[in-house]
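Below is one structure, written out as structure tokens; the observations come after it.
Throughout, protein chains are lettered first and strands after them, A, B, ... in sequence-line order, and every chain is numbered starting at 1.
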Amino acid sequence: MINCDNFFIMKIALAQISPKLGDMNHNFRMHIDYIQKAKKKNVDLLVFPELSLTGYTLKDMVEEIALDPHTDPLFKKLKGLSSEISFVVGFVEEKEKGLYVNSAAFFSHGKIAHIHRKIYLPTYGMFEELKFFGQGKNFHTFPTPFGKAGMLICYDFLHISSSYLLFVGGSELIIAISAAPGRGFSDDEGYASTRMWELMGEAVSRFFQSFVIYCNRVGFEDGKSFAGGSFIYNPGGQLVAKSPYVDEDFLVKNIDLEEIRRFRKYRPYRRDEKPEITLEAFKRIVAKYED
Amino acid sequence: MKINPAFAEKLLTRFIKEELSKFHFKKGILGLSGGLDSTICVYLAVRAIGPKNVVVLIMPYKDTFGRDVQDAMDIARRLKLKPCVINISPMVDAYYTKHPTDNRILKGNKMARERMSILYDFSEREKALILGTSNKTELLLGYGTIHGDMACAINPLGDLYKTQIRQLARHLKIPEKILKKKPTAGLWTGQTDEGELGLSYAKIDKILFQLADLRKSKKEVISEGFPKQDVEKIIRLIKGSEFKRHLPPIPKISARTVGHDFLYPYDRDR
């Protein structure tokens, strides 16, 4: 990081990888390689995709591959590696005995700074996450060496309320990790569904005035093709960097954290936001819900 | 219905390459009929893994389809492949000498399964993974022989309608004579898919796209101007062929059963 009077540069890397389905040891080695590579490039924060340590289409493998982040030996090694670089990994967590969740861990300063447990589990069409996973319960922001951050996992990010809650919670970095399969043809390169993620990235970063760091994966699992196209948007809704679609990539980019202040001075959305009014309105609306 | 053919090519070649590597195969194998779908598949396979790693079999029945065999040979030559030609007449005829029939469909299915049997035999001999050539139109209508031409290890063209395969064909610059051919399952001389189905692929695909991709109801599709009898026929074909798109059901007795709640991905540990 380079901190001066009028800029605060941090280096972000996105590992747009293709994990091997159900092969934790292989994926762990791949993570170590990327972490070493990122360290050599003086990266401050390295982000891996959703379920990066396990692969996505696990089905009954969920219970076989789940781990306890506080006692697992591989996680102990990851903690050790995070003394000089921060990183986000995706994994299956056994939260309680027999309760498995789709989680993201933020490693920093030799510790796990935060674990986010996926709340919105897609279970429609080709998705069946609710069949195999329990749901997370909350969206938290948490302190990092780069400012307040919040994490989202894939379908969480497609629910605007998730990012809104992080915004209200003071997030400056919204980190969304994903295993999003592509769907539909587009006139441009890549899948039609990719536009949905980019649109959300642009809108969230612009109106919630945070950096949006989206890391998706690539590769095929049972014919599903993960679409790639990871990206970073600045707090003004401008695209800072983007990975190619469907190809593996290691994207390294400097961002200037001072941009958060600059955009918020220019348009004080956060200052003027009224979460108490939203809260009261929600209470009234939800109270009227019927079966 | 419009596809981005360059993207489709990139994705499907990557799929072929990645699947082979996942299953520890260097080579892929497929049957070449001289028709559009197997031609597209072999073009993609050659681009994905190179001609040295693509094994092609041409499996005619007698000399009924001499022109198709010539076309298949020509495609192989263009792609620098050395095809293996195996005439399936002795095996098929031996069977029908003992169990004669005049039913053309029975014979067609038998031929498709004979070809499948040879492909699987060569798959083992050559250590090559079988690439299927069924397209989305055929899969939805059930227009294929179960355990015959529908049998394969991976199916690269399974999410492209016939009309979309034509778009991809133009992009891949396959010979015009292949593109112009009337699609046929090769069940008997003069057989064409469109003749047998009673509708053109252009019409079928438009209706399938509305029903499958856009999830529209029969009522909605008809109200958009598609002829009622065509829509009903297509729905009948889809419903009647559901069994071709699944593994056979197993009666559940135990606490954990294959197909019910013993659920692992195809790509387990790959």
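Atoms CZ and OG, on B:R14 and A:S225 in that order, are 8.5 Å from each other to the nearest 0.5 Å. Atom CZ of A:F220 and atom NZ of B:K17 lie 12.0 Å apart (nearest 0.5 Å). Expressed to the nearest 0.5 Å, how far NZ of A:K131 lies from CG of B:D261 amounts to 8.5 Å. Rounded to the nearest 0.5 Å, atoms CG (A:D222) and CG (B:D267) are 4.5 Å apart. Atom OG1 of residue A:T57 and atom CG of residue B:L263 lie 12.5 Å apart, to the nearest 0.5 angstrom. Note that the CZ atom of A:F185 and the CD atom of B:Q164 stand 6.0 Å from one another [nearest 0.5 Å].
When heavy atoms are compared at a cutoff of 4.5 Å, B:L11 approaches chain A by way of both its backbone and its side chain. Using a 4.5 Å cut-off between heavy atoms, B:K2 contacts chain A through both its backbone and its side chain. Interface remark: A:D188 contributes backbone atoms only to the contact with chain B (heavy atom separation under 4.5 Å). Interface remark: A:E64 contributes side-chain atoms only to the contact with chain B (heavy atom separation under 4.5 Å).
Side-chain contact between B:P265 and A:L58: absent, with no pair of heavy atoms (C-beta onward) separated by less than 4.5 Å. A 4.5 Å side-chain heavy-atom check between A:Y245 and B:K10 finds every atom pair outside the cut-off. Contact of the A:K20 side chain with the B:K22 side chain is not registered, since no non-hydrogen atoms from C-beta on lie closer than 4.5 Å.
Residue-environment remark: CZ (B:R256) exceeds the threshold of 12 foreign heavy atoms within 6.0 Å. Annotation for B:K27: atom NZ counts as buried by contact number, over 12 foreign heavy atoms lying within 6.0 Å. Atom NE2 of B:H147 sits in a sparse spot, with 12 or fewer heavy atoms from other residues, nucleotides or ligands closer than 6.0 Å. Other residues, nucleotides and ligands place more than 12 heavy atoms under 6.0 Å from the CG atom of A:L199. Applying the 6.0 Å contact sphere to NZ of B:K26 captures no more than 12 heavy atoms from other residues, nucleotides or ligands. The number of heavy atoms from other shown groups lying within 6.0 Å of CD (B:E242) is above 12.
Counting heavy-atom pairs under 4.5 Å between each of A:G184, A:G219, A:P19, A:S18 and chain B puts A:G219 at the top. Heavy-atom pairs under 4.5 Å with chain B peak, among A:D60, A:L21, A:D187, at A:D60.
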Q: Could you walk me through whether A:D23 and B:R268 pass the salt bridge (charged side-chain N to carboxylate O under 4.0 Å, His left out) test, one step at a time?
A: CA-CA 9 Å; A:D23 191 340; B:R268 185 178 184 177; over 6 Å; no

Q. Yes or no on salt bridge (charged side-chain N to carboxylate O under 4.0 Å, His left out) for B:R270 and A:E221, after CA distance, side-chain angles and deciding distance?
A. CA-CA 9 Å; B:R270 307 273 176 189; A:E221 280 182 6; over 6 Å; no

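Nearest heavy-atom pair across A:K59 and B:Y264 is CD-C, 3.9 Å.
Aromatic ring centroids of A:Y191 and B:F7 lie under 6.0 Å apart.
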